[in-house]
Amino acid sequence: MAPGSNDGGRLEDKTDCTSDVDAALSQSSALLSSGALDDAISLLMGAEKKCRLGNDGPNLVRVVNGITSAVLNAEDGVSWPALRRSIEAVCSRRSQKTA
């Protein structure tokens with residue numbers, strides 16, 4: 001059965017992605033300090049996918065918060081286009097999973 005699918009109302013087991021999320025958040029902070037916002041977002045989107053497919057809600061929230069914080073606290077000011085792209089990507093991925 002595909003990750004994130006259900007079987008008669010029973011959800012697939014949760015995968016703990018804490019170590020992966022910790023590493024991604026740390027690496028994205030380093031990328032952000034060097035001004036590489038797009039690279040940081042790409043890294044965090046990979047962690048978002050891993051958490052989403054692994055049904056790890058708490059770490060998924062941490063990753064999405066990290067993406068939002070990265071965009072809102074960028075060195076050169078808020079990147080509204082990057083925020084919009086990130087929100088749209090997360091929302092479309094989530095809707096594909098629940099469909």
Side-chain angles (χ1 to χ4, degrees):
M1 185 172 303
S5 62
N6 62 25
D7 179 23
R10 185 178 55 105
L11 290 176
E12 185 178 316
D13 293 335
K14 176 184 163 190
T15 303
D16 185 16
C17 301
T18 302
S19 60
D20 295 329
V21 170
D22 289 342
L25 289 171
S26 175
Q27 291 172 354
S28 69
S29 292
L31 289 169
L32 288 170
S33 65
S34 66
L37 177 63
D38 289 337
D39 293 338
I41 291 173
S42 295
L43 178 69
L44 291 172
M45 290 301 271
E48 180 271 340
K49 180 178 182 177
K50 191 174 276 190
C51 291
R52 179 174 35 86
L53 294 178
N55 293 318
D56 189 353
N59 282 311
L60 180 59
V61 169
R62 289 178 57 211
V63 171
V64 172
N65 284 338
I67 293 168
T68 306
S69 295
V71 173
L72 294 176
N73 300 317
E75 286 185 355
D76 55 347
V78 176
S79 174
W80 296 110
L83 180 61
R84 181 178 177 173
R85 283 191 310 270
S86 300
I87 290 171
E88 287 175 347
V90 169
C91 290
S92 69
R93 289 176 173 192
R94 187 182 188 306
S95 67
Q96 289 172 358
K97 180 180 177 185
T98 58

Next item on the list: Evaluate the criterion side chain to side chain contact (heavy atoms under 4.5 Å, CB included) for residue pair Asn55 and Leu60; output intermediate values, then yes/no.
Entry: CA-CA 8 Å; Asn55 293 318; Leu60 180 59; over 6 Å; no
Margin query: Please report the interatomic distance CD(Glu48) to SG(Cys17), rounded to the nearest 0.5 Å.
Written below: 11.0 Å
Note to self: For Asp16, give me all partners under side chain to side chain contact (heavy atoms under 4.5 Å, CB included), at least two apart in sequence or on another chain.
What the structure shows: Thr18, Asp56, Asn59
Tabulate below the donor-acceptor pairs under 3.5 Å that side-chain atoms of residues 30-39 make, not counting sequence neighbours, or state none.
from  : atom 1 : to    : atom 2 : distance (Å)
Ser33 : OG     : Ala30 : O      : 2.7
Ser34 : OG     : Leu31 : O      : 2.8

Next item on the list: With sequence neighbours left out, write down each residue that passes side-chain hydrogen bond (donor to acceptor under 3.5 Å, both in side chains) with Arg84, or none if nothing qualifies.
Entry: Glu88
Item checked: Listed once per pair and sorted, the salt bridge (Lys or Arg N to Asp or Glu O under 4.0 Å) pairs that draw on residues 20-33, sequence neighbours left out -> Asp20-Lys50, Asp22-Arg62
Next item on the list: For Ser28 and Leu25, indicate whether the former's side chain and the latter's backbone hold a donor-acceptor pair under 3.5 Å.
Entry: yes
Note to self: Please find the pair of heavy atoms, one from Ala24 and one from Leu43, that lie closest to each other, and give the distance.
What the structure shows: O-CD2, 3.5 Å
Item checked: In one Ile/Leu/Val/Met/Phe/Trp/Tyr side-chain cluster, 4.5 Å: Ile87, Val71 -> yes
Check: Given side chains that start at C-beta, do those of Met45 and Val90 come closer than 4.5 Å, heavy atoms only?
Finding: yes
Next item on the list: Calculate, to the nearest 0.5 Å, the distance between atoms CD1 and OG belonging to Ile41 and Ser86 respectively.
Entry: 4.0 Å
Item checked: Residue pair Val63 / Ala47: nearest heavy atoms and the distance that separates them -> CG2-CB, 4.0 Å
Checklist line | Qualifying residues under side chain to side chain contact (heavy atoms under 4.5 Å, CB included), relative to Val78, sequence neighbours excluded | finding: Leu72, Trp80
